[in-house]
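For reference, the structure is listed below as structure tokens.
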Amino acid sequence: MRHVISLLIENESGALSRVSGLFSARGYNIESLTVAPTEDASMSRMTIVTTGSDDIIEQITKQLNKLVDVIKVVDISESAHIERELMLVKVRATGKDRDEMKRMTDIFRARIIDVTEASYVVELTGNQAKLDAFIGAIGPDLILETVRSGICGIGRGDRVLKI
Amino acid sequence: MVLSGAEIVVRCLQEEKVEYVFGYPGGAVLFLYDALFNQDKVKHVLVRHEQAAVHAADGFSRSTSKVGVALVTSGPGATNAVTGIATAYCDSIPMVIISGQVPTAAIGQDAFQEVDTVGITRPCVKHTFLVKDVREVASTIKKAFHIARTGRPGPVLVDIPKDVTMHKCEFEYPEDIVMRSYNPVTKGHQGQIRKAVQLLLEARRPMIYTGGGAILSDAAEQLTRLTRLLGMPITNTLMGLGGYPASDRQYLGMPGMHGTYEANMAMHYSDVLLAIGARFDDRVIGNPDHFAEEPRKIIHLDIDPSSISKRVKVDVPIVGDVREVLEQMIQQIESAPARPNADALESWWKQIDDWRSRDCMKYRNSDEIIKPQFVVQKLWEVTGGDAIITSDVGQHQMWAAQYYRFDKPRRWLNSGGLGTMGVGLPYAMGAQLAHPGAPVACITGEASIQMNIQELSTCKQFRLPIKICNLNNRFLGMVRQWQQLFHGGRYSESYMDSLPDFAKLAESYGHIGLRVDKPGDVEGALREAFARKDDLVFLDFQVDRTENVYPMVQGGKGLTDMILSAEDL
């Protein structure tokens with residue numbers, strides 16, 4: 001099962017390596033991991049997408065909580081939540097592909113943020129499936145380069161991860 | 001008061017009432033050693049190898065429950081310390097390790113004696129700090145001690161660059177430390193405890209199983225009260241020996257791979273299992289699938305939530321400090337109207353006594369050749385069962401655990417989790433310094449002792465009258481045993497060739513060395529050794545080369561699938 005784990009961690013050097021080291025040492029999967037400071041710069045918020053049985057996820061949560069730097073851990077995929085990922089794609093944009101690429105961008109509500117005679121850079125935000133669909137729709141021949149941020153997640157409604 | 005970083009470190013150690021620092025100097029810690037030189041409250045014990053410094057500090061902690069402190073230099077000093085740190089981590093021993101680091105400006109430049117100490121140690125510490133500013137030295141050390149001794153204890157490493165030890169700032173030792181990210185639970189949840197008590201009082205075949213957590217939390221007294229109050233059988237793991245008096249009738253011996261028949265059978269066939277500060281290790285429950293075949297309710301009390309439901313599914317988890325929760329549990333039992341089911345308990349004890357009558361610890365003694373078990377039994381007799389015993393790792397460790405009956409906690413020091421050969425002598429050093437005048441014996445083998453034999457020199461310098469009982473079978477005994485049983489008797493590299501004359505070796509370090517060849521001389525040699533109160537005595541017992549450790553559960557097999565003796569093979 002896929003899970004999205006959000007955590008607050010002290011914004012100190014070495015904190016990220018403690019988390020990533022925990023996952024590699026215990027053989028847990030990381031599909032993606034994003035981290036950045038919060039509005040309170042002494043804390044970072046991390047979103048980890050992982051897969052595993054219920055037992056494994058229970059252990060992951062417990063082991064993360066055990067890290068001295070970790071302030072709070074929540075499995076946000078346990079209830080209603082929102083996931084977003086940012087993708088930048090550099091695509092070939094010449095000849096008839098140029099118009100086609102513009103149309104695709106509109107259909108996916110993406111934005112072209114860089115234009116040259118031969119290429120566009122397209123910015124697209126959405127959940128993983130939407131980003132995958134965009135890549136599928138363009139096809140590998142026209143893609144020059146892609147970069148994805150990994151998932152950011154937040155609970156819906158009243159659920160707040162805060163100290 | 002304005003002090004240098006180095007002076008601040010030493011002042012912090014004084015504030016923490018540290019009596020001994022075990023260490024080895026080097027370039028990056030010169031200022032720290034200078035600060036140590038200028039005071040006499042914190043005593044420094046100069047070891048001969050950094051691994052032994054950490055082990056000795058670890059042994060000091062195991063025998064006292066105080067935080068052990070080690071001090072090493074950067075680079076090789078830190079890497080040599082890693083085995084010691086990992087050993088302490090695996091057994092949850094509270095320690096603070098201070099390591100020197102190259103100056104801040106040189107970090108990352110591949111400087112002389114530079115390694116990423118924080119990175120190298122990260123997987124085997126409870127926490128690490130790299131102190132980059134002299135103003136953070138005091139608060140960091142305060143945090144390090146706090147983290148080491150609270151919650152599930154463990155080693156904490158503080159890496160201090162040389163320039164930080166040189167810089168100066170105002171010194172003030174913080175009274176308290178508040179960490180928003182670290183607040184371990186100590187009190188147990190009353191509702192969970194109520195559920196546990198109800199299960200225990202309704203149990204027909206209850207069993208209490210305790211591990212190192214009961215020792216670390218200094219809960220032997222509460223454990224004994226609870227066990228007697230309930231009248232139930234109890235087993236202590238290798239790490240939990242001494243948690244309950246081994247000479248008591250309710251004690252079934254150690255469980256697991258080399259545990260007793262009765263302890264393993266009672267663990268397996270219990271209907272309610274109360275696990276206390278134990279973690280269902282593979283060496284204790286054998287194959288977890290086999291263990292799960294028998295239906296039983298499991299109550300698991302542990303300070304570390306991640307130990308609960310890690311290897312076996314638990315019905316009633318209780319997170320908290322063992323001693324505090326046991327107090328809560330005893331109170332609830334005493335005020336509960338119900339009593340344990342006396343009839344059910346009687347027939348359960350009958351069953352246990354039946355298992356006990358197999359007498360699984362018997363071995364064939366000899367008049368000709370010294371049996372290793374016999375040496376441990378005699379050691380127990382000669383010391384009245386009240387010595388501090390350290391061991392290394394291997395067959396001798398198991399015989400020590402099986403035949404020295406520990407009635408009190410913190411008398412048995414060994415590397416249970418990591419299984420580090422070479423801990424025995426440094427553990428004995430730490431224990432002897434913590435308990436001057438107390439009998440301290442190191443049960444070891446000719447292979448293990450050579451892994452830190454250089455510490456005989458430290459023992460001389462600090463006049464540590466340790467009694468070393470070397471069960472010399474000229475084999476890596478446990479390796480040989482597995483090769484005999486599972487590898488067709490092909491003794492690949494398990495023979496210890498070209499052994500030194502240990503008695504002479506001890507003498508050359510300025511100690512007493514005795515070689516013992518005959519069973520009839522064992523007791524006399526031990527008595528002579530312990531009569532020499534001021535001397536380290538190295539007893540080199542020439543023991544049966546082919547003796548194996550029984551009972552035995554083979555790796556991967558079920559707990560009840562036991563080889564009781566050589567006749568079962």
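These numbers were taken from a predicted model, which means no experiment stands behind them. Chain letters run A, B, ... following the sequence lines, proteins first and then strands; every chain starts at 1.
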Could you look at B:Leu130 and say if it's the side chain, the backbone, both or neither that has a heavy atom under 4.5 Å from chain A?
-> neither
Heavy-atom distance under 4.5 Å to chain A: side chain of B:Asn183, backbone, both or neither?
-> neither
[X] [atom1]: over 12 foreign heavy atoms closer than 6.0 Å:
{"X": "A:Lys90", "atom1": "NZ", "result": "no"}
{"X": "A:Lys130", "atom1": "NZ", "result": "yes"}
{"X": "A:Ile154", "atom1": "CD1", "result": "no"}
{"X": "A:Arg148", "atom1": "CZ", "result": "yes"}
{"X": "B:Arg283", "atom1": "CZ", "result": "no"}
{"X": "A:Arg111", "atom1": "CZ", "result": "no"}

Identify the residue among A:Lys62, A:Glu58, A:Gln59 that makes a side chain to side chain contact (heavy atoms under 4.5 Å, CB included) with B:Lys310.
-> A:Gln59
With heavy-atom distances below 4.5 Å as the criterion, would you say the side chains of [X] and [Y] are in contact?
{"X": "A:Val68", "Y": "B:Lys143", "answer": "no"}
{"X": "B:Arg152", "Y": "A:Lys66", "answer": "yes"}
{"X": "B:Ser181", "Y": "A:Glu12", "answer": "no"}

Just by distance, do the side chain of A:Arg18 and the backbone of B:His127 share a donor-acceptor pair under 3.5 Å?
-> no
Hey, could you give me the CG/CZ distance between A:Asp69 and B:Arg180, rounded to the nearest 0.5 Å?
-> 10.0 Å
